S.K.: 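I am attaching a structure below and will ask some questions about it afterwards.
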Amino acid sequence: MSARVTALEARIRFGTPLRRVVTGEEIVVIRYDKPVARVTPAASRHLRDVRQAVDSLRSLRSAIAESRRSGQRLDDGEIKSISEDGRQ
């Protein structure tokens, strides 16, 4: 889960949340109890998304190979389920 700071806190003491972002944490800035901005590390989020996508594809490829060995075909629902699991 992301850490939350108010817009006022972010404006007055931006250095504090920024130091947390540098260590890999994600900060959500809120105003009137609603999220208005998300501050994330510049490179890590993209890299994490790529790694998750690759893991999902590997899982799908393994499931397809296993279904071929057993002579059964994966239906669309099974493929979608495997894909969704990889995104989480």
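Note that these values count all heavy atoms, side chains included, but never hydrogens, waters or copies made by symmetry. Here the structure is a predicted model, which is why all the values come from computation and not from measurement.
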S.K.: Quick one: do V21 and V5 end up in the same hydrophobic cluster if we chain Ile, Leu, Val, Met, Phe, Trp and Tyr together by side-chain heavy atoms under 4.5 Å apart?
M.R.: yes
S.K.: How far apart are the closest heavy atoms of A3 and R20, and which atoms are they?
M.R.: CB-NH2, 3.0 Å
S.K.: Answer yes or no: is there a side-chain heavy-atom contact under 4.5 Å between I27 and R38?
M.R.: no
S.K.: For R61, what residues pass the side-chain contact (heavy atoms from CB on, under 4.5 Å) criterion, not counting sequence neighbours?
M.R.: R58
S.K.: Test question: given the 4.5 Å side-chain rule for I, L, V, M, F, W and Y, name all other residues clustered with F14, or answer none.
M.R.: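 Once heavy-atom contacts under 4.5 Å are chained together, F14 belongs with L18.
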S.K.: State which residues pass side-chain contact (heavy atoms from CB on, under 4.5 Å) with T6; sequence neighbours excluded, sorted by chain then number.
M.R.: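 Per chain and number, T6 pairs via side-chain contact (heavy atoms from CB on, under 4.5 Å) with L8, E9, I30.
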S.K.: I'd like to check the side-chain contact (heavy atoms from CB on, under 4.5 Å) partners of T16; sequence neighbours left out, ordered by chain and number.
M.R.: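 Partners of T16 by the side-chain contact (heavy atoms from CB on, under 4.5 Å) criterion, ordered by chain and then number, come out as R13, R19.
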S.K.: Compare every heavy atom of T40 with every heavy atom of E26, then report the nearest pair and how far apart it is.
M.R.: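 Closest approach of E26 to T40: OE1-CG2, 3.2 Å.
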S.K.: Run the side-chain contact (heavy atoms from CB on, under 4.5 Å) test against A7 and tell me which residues pass, sequence neighbours left out.
M.R.: V29, R31
